[in-house]
Q: 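Starting off with a structure, shown below.
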Amino acid sequence: MNIGAPIIGMHQDEIKRMAEEHGAVILTDPDEIEAFKKRRDKEFHDEIEENVFQQHMRFFDSISLYSGDEKLSFTFNDWDPTKQEDVNTAKGIGNQCFTLAKAMLTDNFNVMLVGTPGVGKTSLALAMLEAVHAKRKTTMFVSTMALSLLLTERFDNREAQQKLDRIISAMKKVDVLLLDDFGTEAGMKAEGGFKPVRKDLQEYFFNVADARLATIKDDNDNKHRIKSTIITTNNTMGQLKQMYNEKLLSRLIPHDVDKTVVFKNMVDIR
């Protein structure tokens with residue numbers, strides 16, 4: 001219904017009464033009108049930003065690469081230290097991951113979760129993703145073993161190459177990237193140590209890590225990392241150095257010991 005025409009020529013008291021009947025407020029003070037415009041513009045801007053963020057997240061969710069193509073989810077509320085014999089250490093590990101996830105909301109850095117299989121590394125890494133996603137950071141999950149299999153598949157499947165290109169592009173752009181089971185793509189332990197990871201996969205990882213290392217300078221000419229990467233691995237640094245080029249590892253592995261979460265004294269709970 002067009003309510004503009006009847007209002008023209010109406011007395012101010014009538015307009016006010018009509019507005020009150022409809023739960024509306026008539027603003028007459030110029031400052032109040034200006035403040036209302038600013039609130040309306042901000043709400044409109046926030047709504048657009050939220051829609052764009054949700055579109056981006058739907059894309060990163062769709063392009064994430066899980067082992068077995070089964071999407072995984074986990075939150076910090078799901079972490080149960082009592083499943084471990086060393087409950088206090090399990091609590092400390094959960095708290096360390098929570099603290100790092102919280103810090104990622106205002107800073108960008110890499111994190112490594114290291115320990116034997118089945119102790120909860122992937123679970124807590126997923127919880128970290130969930131925590132930063134809740135605060136409007138885009139996230140992406142990539143199983144390094146699934147990525148390696150996709151590289152093999154691309155030789156006989158053109159669609160696999162196209163999918164791989166989309167995944168690599170997304171890995172460079174997402175705010176927080178999770179590389180799960182880093183090192184398993186090297187295969188079983190070879191005699192005398194671990195064999196190097198295939199060259200093409202190392203090159204893909206290097207390009208991704210290098211893109212995520214891109215820095216910006218602030219007013220004080222300080223450099224800041226603009227993307228964060230979380231790595232879970234069953235391997236020690238010595239083992240990873242047998243598998244990967246040191247230039248790649250220097251771009252992925254955190255140099256700050258506080259950014260490495262060691263699942264010490266944890267047992268397989270799967």
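Side-chain atoms are counted along with the backbone in the values below, which use heavy atoms only and exclude waters and symmetry mates. All values reported here derive from a predicted model rather than from experimental measurement.
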Q: Who are the ring-ring contact (aromatic ring centres under 6.0 Å, His included) partners of Phe98, not counting sequence neighbours?
A: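 Only Phe76 meet the ring-ring contact (aromatic ring centres under 6.0 Å, His included) criterion with Phe98.
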
Q: Could you go through Thr232 and Asp181, starting from their C-alpha distance and side-chain angles, then the distance that decides it, and tell me whether this counts as side chain to side chain contact (heavy atoms under 4.5 Å, CB included)?
A: CA-CA 5 Å; Thr232 72; Asp181 271 348; 4.3 Å; yes

Q: For the pair Leu147 and Leu164, evaluate side chain to side chain contact (heavy atoms under 4.5 Å, CB included) and give the outcome as yes or no after the intermediate values.
A: CA-CA 8 Å; Leu147 187 65; Leu164 176 64; 3.7 Å; yes

Q: Shared ILVMFWY cluster between Leu201 and Ile167, side chains joined below 4.5 angstrom?
A: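 Result: yes, single cluster for both.
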
Q: If we ignore hydrogens and angles and just use 3.5 Å, is the side chain of Trp79 paired with the main-chain N or O of Ala90 as donor and acceptor?
A: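 Side chain of Trp79 to backbone of Ala90, a donor-acceptor pair under 3.5 Å: yes, one is there.
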
Q: Do you see a donor-acceptor pair shorter than 3.5 Å between the side chains of Asp180 and Thr122?
A: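 Result is yes, a qualifying pair exists.
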
Q: Please examine the side chains of Lys241 and Leu249, heavy atoms only from C-beta on, and report whether any two atoms are closer than 4.5 Å.
A: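 A side-chain contact exists here, since the closest heavy-atom pair is under 4.5 Å.
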
Q: Using the side-chain hydrogen bond (donor to acceptor under 3.5 Å, both in side chains) criterion, which residues pair with Thr144? Sequence neighbours excluded.
A: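 If we apply the side-chain hydrogen bond (donor to acceptor under 3.5 Å, both in side chains) test to Thr144, skipping adjacent residues, the hits are Glu185.
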
Q: Strictly distance-based, threshold 3.5 Å: is any side-chain N or O of Ser228 a donor or acceptor partner for the main-chain N or O of Phe109?
A: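 Looks like yes, one N/O pair under 3.5 Å.
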
Q: Mind checking whether Asn110 and Ile253 have side chains closer than 4.5 Å, heavy atoms only?
A: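 Contact flag for Asn110/Ile253 side chains = no.
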
Q: Which pairs, with at least one residue in residues 142-159 and sequence neighbours excluded, count as a salt bridge (charged side-chain N to carboxylate O under 4.0 Å, His left out)?
A: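 Listed by first then second residue: Arg154-Asp200.
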
Q: Dump the intermediate steps for side chain to side chain donor-acceptor pair (under 3.5 Å) on Asp78 and Thr75, then the final yes or no.
A: CA-CA 5 Å; Asp78 297 324; Thr75 71; 3.1 Å; yes

Q: Taking the side chain as everything from C-beta on, heavy atoms only, tell me whether His133 gets closer than 4.5 Å to Thr138.
A: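 The answer is no, as the side chains (C-beta and beyond) never meet within the 4.5 Å cut-off.
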
Q: With a 4.5 Å heavy-atom cut-off, do Thr184 and Thr233 have their side chains touching?
A: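 No, side chains not in contact.
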
Q: Hey, is the main chain of Phe205 close enough, under 3.5 Å, to the side chain of Arg251 for a donor-acceptor pair?
A: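 Checked: no pair found.
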
Q: Report the C-alpha separation of Val267 and Val119 in whole Å, then their side-chain angles, then the decisive distance to 0.1 Å, and conclude whether the side chain to side chain contact (heavy atoms under 4.5 Å, CB included) test is met.
A: CA-CA 6 Å; Val267 297; Val119 294; 5.7 Å; no

Q: Taking Asp86 for its side chain and Met266 for its backbone only, find out whether a donor-acceptor pair lies under 3.5 Å.
A: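 No: the side chain of Asp86 does not pair with the backbone of Met266.
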
Q: When you measure from the side chain of Lys137 to the backbone of Met104, do you find a donor-acceptor pair of N or O atoms at a distance under 3.5 Å?
A: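 Between the backbone of Met104 and the side chain of Lys137 there is a qualifying donor-acceptor contact (under 3.5 Å).
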
Q: Yes or no on side chain to side chain donor-acceptor pair (under 3.5 Å) for Asp80 and Thr82, after CA distance, side-chain angles and deciding distance?
A: CA-CA 5 Å; Asp80 185 2; Thr82 62; 2.5 Å; yes

Q: Begin from the C-alpha positions of Asp165 and Gln161 and carry the test side chain to side chain donor-acceptor pair (under 3.5 Å) through to its verdict.
A: CA-CA 6 Å; Asp165 292 341; Gln161 180 64 62; 2.9 Å; yes

Q: Are any of the side-chain heavy atoms of Asp268 and Thr116 separated by less than 4.5 Å?
A: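 No. Closest side-chain heavy atoms not under 4.5 Å.
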
Q: If we ignore hydrogens and angles and just use 3.5 Å, is the side chain of Gln242 paired with the main-chain N or O of Gln239 as donor and acceptor?
A: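 No; zero donor-acceptor contacts below 3.5 Å.
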
Q: Please round to the nearest 0.5 Å and tell me the distance separating atom CE of Met128 and atom OG of Ser123.
A: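 Here the rounded value is 13.0 Å.
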
Q: With a 4.5 Å cut-off on side-chain heavy-atom distances among I, L, V, M, F, W and Y, is there a chain of contacts connecting Ile269 to Val261?
A: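 Cluster IDs for Ile269 and Val261 differ.
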
Q: Does the side chain to side chain contact (heavy atoms under 4.5 Å, CB included) test come out yes or no for Leu240 and Phe194, once each step is laid out?
A: CA-CA 8 Å; Leu240 290 175; Phe194 287 84; over 6 Å; no

Q: Please determine whether the number of non-hydrogen atoms from other residues, nucleotides or ligands lying under 6.0 Å from atom NZ of Lys173 exceeds 12.
A: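 Open: at most 12 neighbouring heavy atoms sit under 6.0 Å from NZ of Lys173.
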
Q: If you round to the nearest 0.5 Å, how far is CG of Asn157 from CD of Gln162?
A: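 Rounded to the nearest 0.5 Å, the CD-CG separation comes to 8.5 Å.
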
Q: Under 4.5 Å between any side-chain heavy atoms of Val114 and Asn235, yes or no?
A: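 No, every pair of side-chain atoms sits at 4.5 Å or beyond.
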
Q: How long is the straight-line distance from NZ of Lys71 back to CG of Leu126, given to the nearest 0.5 Å?
A: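 Answer rounded to 0.5 Å: 10.0 Å.
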
Q: Treating Asn207 as the side-chain partner and Glu203 as the backbone partner, does any N or O pair qualify as donor plus acceptor under 3.5 Å?
A: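 Side chain of Asn207 to backbone of Glu203, a donor-acceptor pair under 3.5 Å: yes, one is there.
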
Q: Give the cluster check for Ile230 versus Met145: same hydrophobic cluster or not, with ILVMFWY residues linked at side-chain heavy-atom distances below 4.5 Å.
A: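 Per the 4.5 Å side-chain linkage, Ile230 and Met145 are not co-clustered.
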
Q: Do NZ/NE/NH1/NH2 and the carboxylate oxygens of Asp256 and Lys259 come within less than 4.0 Å?
A: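 Here Asp256 pairs with Lys259 in a salt bridge, since their nearest N and O are under 4.0 Å apart.
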
Q: Please round to the nearest 0.5 Å and tell me the distance separating atom CG of Leu213 and atom OG1 of Thr229.
A: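 Reported to 0.5 Å precision, the distance equals 9.5 Å.
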
Q: Do the side chains of Leu178 and Val142 get nearer than 4.5 Å, heavy atoms only?
A: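 In short, these two side chains do not touch, never coming nearer than 4.5 Å.
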
Q: Let me confirm one number: the CG-CE distance from Leu177 to Met140, rounded to the nearest 0.5 Å.
A: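 Interatomic distance, Leu177 CG to Met140 CE, rounded to 0.5 Å: 6.5 Å.
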
Q: Phe182 and Leu150: same hydrophobic cluster, using ILVMFWY side-chain contacts below 4.5 Å?
A: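 They do share one cluster, since a chain of ILVMFWY contacts under 4.5 Å joins Phe182 to Leu150.
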
Q: Could you pull out all residues at least two apart from Lys199 that satisfy salt bridge (charged side-chain N to carboxylate O under 4.0 Å, His left out)?
A: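 In terms of salt bridge (charged side-chain N to carboxylate O under 4.0 Å, His left out), with neighbours along the sequence ignored, Lys199 is linked to no residue.
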
Q: Quick one: which residue pairs count as a ring-ring contact (aromatic ring centres under 6.0 Å, His included) with a foot in residues 141-172, not counting sequence neighbours?
A: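 Listed by first then second residue: Tyr66-Phe141.
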
Q: If hydrophobic clusters are built by linking Ile, Leu, Val, Met, Phe, Trp and Tyr wherever their side-chain heavy atoms come under 4.5 Å apart, do Met237 and Phe206 end up in the same one?
A: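 Yes, Met237 connects to Phe206 through the hydrophobic network.
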
Q: Can you list everything that forms a ring-ring contact (aromatic ring centres under 6.0 Å, His included) with Tyr204? Sequence neighbours excluded, please.
A: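 Tyr204 satisfies ring-ring contact (aromatic ring centres under 6.0 Å, His included) with no other residue.
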
Q: First locate atom CG of Leu129, then atom OG of Ser64, and finally report the distance between them rounded to the nearest 0.5 Å.
A: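 One gets 8.5 Å once the value is rounded to the nearest 0.5 Å.
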
Q: Do Asn108 and Lys227 have side chains that get closer than 4.5 Å, going by heavy atoms?
A: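 Counting from C-beta outward, Asn108 and Lys227 never come under 4.5 Å.
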
Q: Looking at every non-hydrogen atom in both residues, tell me the closest pair between Ala170 and Ile63 and how far apart they are.
A: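 Distance-wise, the nearest heavy atoms are CB-CG2, 3.8 Å.
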
Q: Is there a donor in the side chain of Arg198 and an acceptor in the side chain of Thr152, or the other way round, less than 3.5 Å apart?
A: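 Yes.
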
